[in-house]
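Everything below concerns the one structure shown next.
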Amino acid sequence: MGKYTKEDIKRLVEEEDIEFIRLQFTDVEGIFKNLAITTRQLDKALDGRCVFDGNCIEGFRAAGEAEMYLVPDYDTFTIFPWRPQSGKVARFICDIYKPDGEPLVFSPRTVLKNVLDKASDEGYELKVESECEFFLFDLGEDGEIKPYTKENGGYFDVSPLDQGENARREMVMMLEDMGFQIMSSFHEEAKGQHEIDFKYTDALRSADDVMTFKMAVRTIARRHGFHATFMPKPRTDADGSGIHFNFMLYKDGKNVFYDEKAENGLSEEAMSFIAGILAHADEIAAVTNPLVNSYKRLVPGFRAPVYEGWSTQSTSTMIKVPFQRGHMTRIELRNSDPCCNPYLVFALALSAGLEGIKKKLKAPEMIENDPKLSEVELERRAKHLPTTLLDAVKSMEGSLFVKEVLGDKLFNTIIEAKKAEWIEYSGQVSDWELARYLNRF
């Protein structure tokens with residue numbers, strides 16, 4: 001992706017023999033959607049005159065607007081490298097506008113843009129680097145999807161143990177063709193689990209990249225006979241998948257998290273940013289961890305964070321500060337999972353962190369990576385993250401902070417949707433219940 005004008009795009013469409021264009025956007029649930037057009041409709045698309053029915057999109061009905069307009073962000077124009085090279089397919093990521101020409105404040109991308117604009121007015125710029133885990137499961141002969149893999153790969157293994165190596169290699173190549181800077185890719189600890197990390201960039205593009213990444217990974221996995229899933233906990237007996245967001249905050253071209261004279265090299269702003277996020281951890285959990293299944297990952301014993309604390313080494317805390325200092329000093333949010341809506345996570349995390357800086361909040365004592373620390377001692381030092389979606393929704397429901405960042409309509413829509421998800425889940429009879437109770441009672 002680059003900096004494009006309308007004329008640049010028209011020229012590229014002609015030179016590259018592009019025939020189809022997808023106008024993509026992200027719904028409230030964090031799902032990528034798109035409207036496909038041919039290049040004969042290019043002028044209409046570039047002028048933001050392509051319309052869709054908002055009532056057809058889950059979560060958008062509450063906006064009260066049936067007719068919505070897709071306005072492309074020219075800089076997100078990219079060609080899908082996995083599509084045919086004759087009659088190519090390209091895309092834009094779009095903002096959503098109302099018929100009166102105003103942006104839809106209900107749209108997750110608009111929420112983030114508004115938060116970034118406020119931060120910019122105060123001189124701050126947020127950059128984000130993402131580390132995303134996912135599973136590759138074998139597709140059945142009839143295309144059936146189950147959480148099954150015949151491989152036995154583990155952490156950093158290579159083929160033949162790592163049977164997803166070729167698929168992951170193609171994912172990296174295709175993503176780099178689309179403008180990503182891939183930092184690393186490797187087999188994770190669980191069978192069939194993988195991770196790809198991509199370099200930091202400004203927060204809006206980083207959120208766009210997360211959405212593009214998931215689409216590309218799932219598409220390329222199918223070409224190799226796999227189903228890629230970003231479900232947080234697809235298997236009971238294995239680690240779950242997280243997405244770690246590394247935040248770097250800049251002001252006047254300098255990383256404000258770094259202070260060479262301070263303990264651990266962390267500035268007062270860094271400590272207050274951490275404190276701000278921790279102060280609202282319960283309230284934003286329904287956004288960082290949006291599914292019933294999300295909370296089955298956040299349990300002890302599976303290298304997932306379970307405490308609302310911070311550390312430089314421990315894997316049990318939701319915030320970690322990696323050792324690199326200088327311009328790479330960063331605060332890593334570790335509890336988020338890949339099913340989150342990145343636009344909303346970034347908006348809430350930045351707002352919470354900046355609130356911490358404004359109020360000069362003090363971060364709690366750091367939790368050391370000490371295996372001798374008991375669960376009781378850890379509980380004394382830090383609160384436990386919410387253990388169910390219902391707990392998280394209840395915390396969010398009482399949060400004036402989250403309501404202010406998201407706006408009333410989006411806030412209420414998420415609350416209602418998550419309550420409905422919990423009620424539906426609570427009425428299901430699981431295999432575990434049948435195995436435990438059917439013969440005994």
Side-chain angles (χ1 to χ4, degrees), residues 1-10 12-13 20-78 89-121 202-212 215 287 341-348 350-351 403-414 417:
M1 291 184 283
K3 296 290 184 181
Y4 296 118
T5 65
K6 186 183 293 188
E7 289 69 31
D8 290 334
I9 290 166
K10 288 183 176 181
L12 283 169
V13 165
F20 294 95
I21 296 176
R22 295 185 183 179
L23 306 177
Q24 299 183 317
F25 62 97
T26 301
D27 71 6
V28 173
E29 293 282 338
I31 304 297
F32 234 0
K33 304 288 186 180
N34 73 219
L35 174 70
I37 62 170
T38 67
T39 52
R40 287 177 285 280
Q41 302 297 316
L42 180 61
D43 285 331
K44 183 178 178 181
L46 292 174
D47 291 338
R49 292 185 286 115
C50 288
V51 185
F52 74 98
D53 185 354
N55 287 328
C56 296
I57 304 298
E58 193 67 36
F60 277 11
R61 298 186 187 96
E65 300 282 349
E67 191 176 85
M68 298 182 184
Y69 289 78
L70 294 170
V71 178
D73 181 337
Y74 293 173
D75 293 341
T76 65
F77 179 79
T78 189
V89 180
R91 75 90 193 268
F92 293 103
I93 292 178
C94 299
D95 292 306
I96 301 173
Y97 278 67
K98 300 186 295 183
D100 63 6
E102 292 295 315
L104 184 71
V105 295
F106 200 80
S107 164
R109 197 171 193 264
T110 300
V111 169
L112 176 57
K113 290 176 76 172
N114 288 341
V115 168
L116 293 174
D117 285 344
K118 290 179 183 177
S120 180
D121 290 341
D202 67 89
L204 183 63
R205 176 168 175 179
S206 184
D208 290 340
D209 283 350
V210 170
M211 299 306 301
T212 301
M215 173 192 65
V287 176
N341 187 320
Y343 302 101
L344 301 184
V345 173
F346 295 174
L348 289 166
L350 177 58
S351 297
K403 181 180 285 190
E404 182 179 354
V405 175
L406 301 186
D408 288 354
K409 285 186 177 180
L410 180 54
F411 176 84
N412 290 329
T413 295
I414 293 174

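- Annotation for V111 and V405: closest pair CG1-O, 3.8 Å, computed over non-hydrogen atoms.
- At least one side-chain heavy atom of F77 sits less than 4.5 Å from a side-chain heavy atom of V13.
- Partner of Y4 under the side chain to side chain contact (heavy atoms under 4.5 Å, CB included) criterion, out of T76, L12, D73: L12 alone.
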Given the rule in the side-chain contact (heavy atoms from CB on, under 4.5 Å) test, do Y97 and L104 qualify, once you have shown the distances and angles that lead to the verdict? CA-CA 5 Å; Y97 278 67; L104 184 71; over 6 Å; no
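- Rounding to the nearest 0.5 Å places NZ of K6 at 9.0 Å from CG of L42.
- Salt bridge status for D209 with R205: present, with a side-chain N to carboxylate O gap under 4.0 Å.
- Interatomic distance, CZ of F346 versus CG of L204, reported as 10.0 Å (0.5 Å rounding).
- If you check the side chains of D8 and T5, you find a donor sitting under 3.5 Å from an acceptor.
- Formation of a donor-acceptor pair under 3.5 Å by the S120 side chain with backbone atoms of L116 is not found in this model.
- Considering CE of M211 and CD of Q24, their distance stands at 9.0 Å, rounded to 0.5 Å.
- F411 and L406 make their closest contact through N-CB, 4.2 Å (heavy atoms, listed as atom of the first residue, atom of the second, distance).
- Side-chain atoms of F20 and T38, non-hydrogen and from C-beta on, do get closer than 4.5 Å to each other.
- Using a 4.0 Å cut-off between a side-chain N of Lys or Arg and a carboxylate O of Asp or Glu, R49 and D43 do not qualify as a salt bridge.
- Contact of the M68 side chain with the I57 side chain is not registered, since no non-hydrogen atoms from C-beta on lie closer than 4.5 Å.
- In this structure, the side chain of N341 engages the main chain of D27 through a donor-acceptor pair within 3.5 Å.
- The side-chain heavy atoms of R109 and T26, taken from C-beta on, include no pair separated by under 4.5 Å.
- Nearest heavy-atom pair, A207 versus P342, reported as atom, atom and distance to 0.1 Å: O-CG, 3.8 Å.
- The structure places CG of L112 at 8.0 Å from OH of Y343, a figure rounded to the nearest 0.5 Å.
- Residues T78 and T212 have side chains not in contact (no heavy-atom distance under 4.5 Å, counting atoms from C-beta outward).
- C50 has its side chain within reach of L23: a pair of non-hydrogen atoms, C-beta onward, lies under 4.5 Å apart.
- In plain terms, the two heavy atoms of S351 and V115 that are nearest each other are OG-CG1, 3.5 Å.
- We find the CG-CD distance between N55 and E67 to be 11.0 Å, quoted to the nearest 0.5 Å.
- In this structure, the side chains of N34 and F52 stay at 4.5 Å or more apart for every pair of heavy atoms.
- Considering only heavy atoms from C-beta on, T110 stays 4.5 Å or farther from I96 through its side chain.
- The CZ atom of R22 sits 12.0 Å away from atom CD1 of I37, with the distance rounded to the nearest 0.5 Å.
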